[in-house]
Amino acid sequence: MTAAVIDGKTFAASLRGRIAELAAAFEAKAGRKAGLAVVLVGEDPASQVYVRSKGKQTVEAGMASFEHKLDASTSEADLLALVDRLNNDPAVDGILVQLPMPGHIDEQKVIGAISPDKDVDGFHVVNAGRLAVGQHGFVPCTPLGCLMLLKDRLGSLSGLEAVVIGRSNIVGKPMAQLLLGESCTVTIAHSRTRDLPDVVCRADIVVAAVGRPEMVKGNWIKPGATVIDVGINRLPPAVEGGKGRLVGDVDYASAAEVAGAITPVPGGVGPMTIAVLLRNALVAAHRNAGLALDDDTI
Ligand code: NDP
């Protein structure tokens with residue numbers, strides 16, 4: 001068997017297109033653009049790239065982008081004061097503070113200071129709680145993007161066996177909650193899981209969010225399963241003749257021989273994250289303006 005490739009790049013582009021139409025409709029109704037504020041503290045190169053793409057894609061979707069780039073030495077108090085200003089700014093619907101933050105800043109304290117109704121990353125404990133009890137809140141972008149790809153591919157997920165490898169608050173745990181919400185039978189595996197291949201091989205859906213290059217092998221996968229690879233790992237240049245190739249947490253070549261469908265790296269889950277961030281910002285804008293979002297397909 002050779003797996004179908006789940007094309008996250010095309011899916012994300014189409015999602016951004018629908019968001020742009022809805023953002024224009026929002027502007028016409030509300031008399032203002034939906035607004036997303038992104039705060040970056042310090043000069044982490046990967047974070048700078050993410051923040052630049054977020055700003056660009058926000059503007060392309062017809063929303064207002066407010067970028068706050070702060071020096072690495074910014075105090076926690078100054079950062080909290082900025083978050084407070086953004087919480088109270090009616091032009092700002094969503095607030096994202098880019099992680100990781102410099103060591104002298106308590107990330108949990110900063111995330112906890114963001115208004116849960118502007119927390120478009122879905123990292124605030126109130127939104128984690130809302131997800132756990134099935135209330136409308138904001139769901140972290142990467143796992144919500146994975147769920148969109150799965151539903152697009154499989155339709156109803158009800159009754160399927162799902163194994164999520166990884167239990168981070170950002171990916172693994174919310175992914176498991178989302179799959180449970182879709183009536184999957186969910187197993188969460190992690191570094192202390194015994195016999196991981198045996199656990200994975202019973203899954204109809206495998207979501208790998210580990211951060212270990214090509215760890216999940218094809219012979220762990222049940223034939224026909226759908227495999228979602230969240231991992232983004234850059235191999236050292238020496239491994240790939242100086243190229244530093246990007247790979248996922250799944251050994252793509254062997255898994256694609258067995259799976260029914262699989263996301264590639266790059267071009268699978270990665271492009272979904274920012275598209276879902278824009279989706280969350282648009283939802284926040286409608287809620288903040290007291291308007292209905294008449295499209296439940298996003
Ligand atoms: P974390 O490091 O926070 O979590 C990794 C998880 O994997 C932990 O729960 C850990 O278990 C588990 N784990 C580690 N080693 C093993 C092992 N040998 N067997 C089983 N489980 C193991 O990572 P994140 O969740 O933040 O990210 C995971 C991956 O996804 C990374 O590659 C990251 O780059 C990528 N990512 C991609 C995004 C995108 O936009 N596409 C967004 C976010 C992340 P334990 O809890 O026991 O330590």
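Atoms within a ligand are numbered from 1 in the order they appear, just like the ligands themselves. Sequential numbering from 1 along the given sequence is applied to the chain's residues. Keep in mind that the numbers below use all heavy atoms, side chains included, and drop hydrogens, waters and symmetry copies.
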* Apply the side-chain contact (heavy atoms from CB on, under 4.5 Å) test between Asn127 and each candidate in Ile111, Asp119, Ile114; give the one that qualifies. => Asp119

* To do: Could you check Val97, Leu80, Val110 and say which one makes a side-chain contact (heavy atoms from CB on, under 4.5 Å) with Ile105?
  => Val110

Charged N-O contact under 4.0 Å between [X] and [Y]:
X      : Y      : answer
Lys151 : Glu182 : yes
Glu214 : Arg245 : yes
Arg32  : Asp93  : yes
Glu67  : Lys69  : yes

Heavy atoms only: which of [options] lies closest to [atom]?
atom                    : options                        : answer
atom 27 (O) of ligand 1 : Thr193, Val171, Val207, Val216 : Val171
atom 31 (C) of ligand 1 : Gly211, Pro140, Pro266, Ala208 : Gly211
atom 4 (O) of ligand 1  : Ser168, Gly172, Cys141         : Ser168
atom 48 (O) of ligand 1 : Ala46, Gly268, Ser191, Gly231  : Ser191

Under 4.0 Å, heavy-atom basis, I'd like to know which part of [X] is in contact with ligand 1: side chain, backbone, both or neither.
X      : value
Met215 : side chain
Val230 : both
Asn233 : side chain

* Structure fact -> Here the atoms of ligand 1 under 4.0 Å from any heavy atom belonging to Val269 are 41 (N)

* Please identify which atoms of ligand 1 are closer than 4.0 Å to at least one heavy atom of Gly166. => 6 (C), 7 (O), 9 (O)

* To do: Report the C-alpha separation of Lys222 and Glu161 in whole Å, then their side-chain angles, then the decisive distance to 0.1 Å, and conclude whether the salt bridge (Lys or Arg N to Asp or Glu O under 4.0 Å) test is met.
  => CA-CA 11 Å; Lys222 175 171 154 182; Glu161 288 275 347; over 6 Å; no

* 4.0 Å heavy-atom contact, Gly270 with ligand 1 -> yes

* To do: Say whether Ala209 and ligand 1 are in contact under the criterion: heavy-atom distance to a ligand atom below 4.0 Å.
  => yes

* Nearest-neighbour protein heavy atom for atom 13 (N) of ligand 1, which is reported as residue plus atom name and distance -> Val210 CG1, 3.5 Å

* Asked: What protein heavy atom is closest to atom 15 (N) of ligand 1, reported as residue, atom name and distance in Å?
  -> Arg212 NE, 2.8 Å

* Asked: Does the N or O separation between Ile232 and ligand 1 drop below 3.5 Å for any pair?
  -> yes

* Under 3.5 Å: N/O of Arg192 near N/O of ligand 1 -> no

* How far does NE2 of His286 sit from NZ of Lys29, to the nearest 0.5 angstrom? -> 4.5 Å

* Structure fact -> Heavy atoms of Ala285 and Phe26 approach each other most closely as O-CE1, 3.4 Å

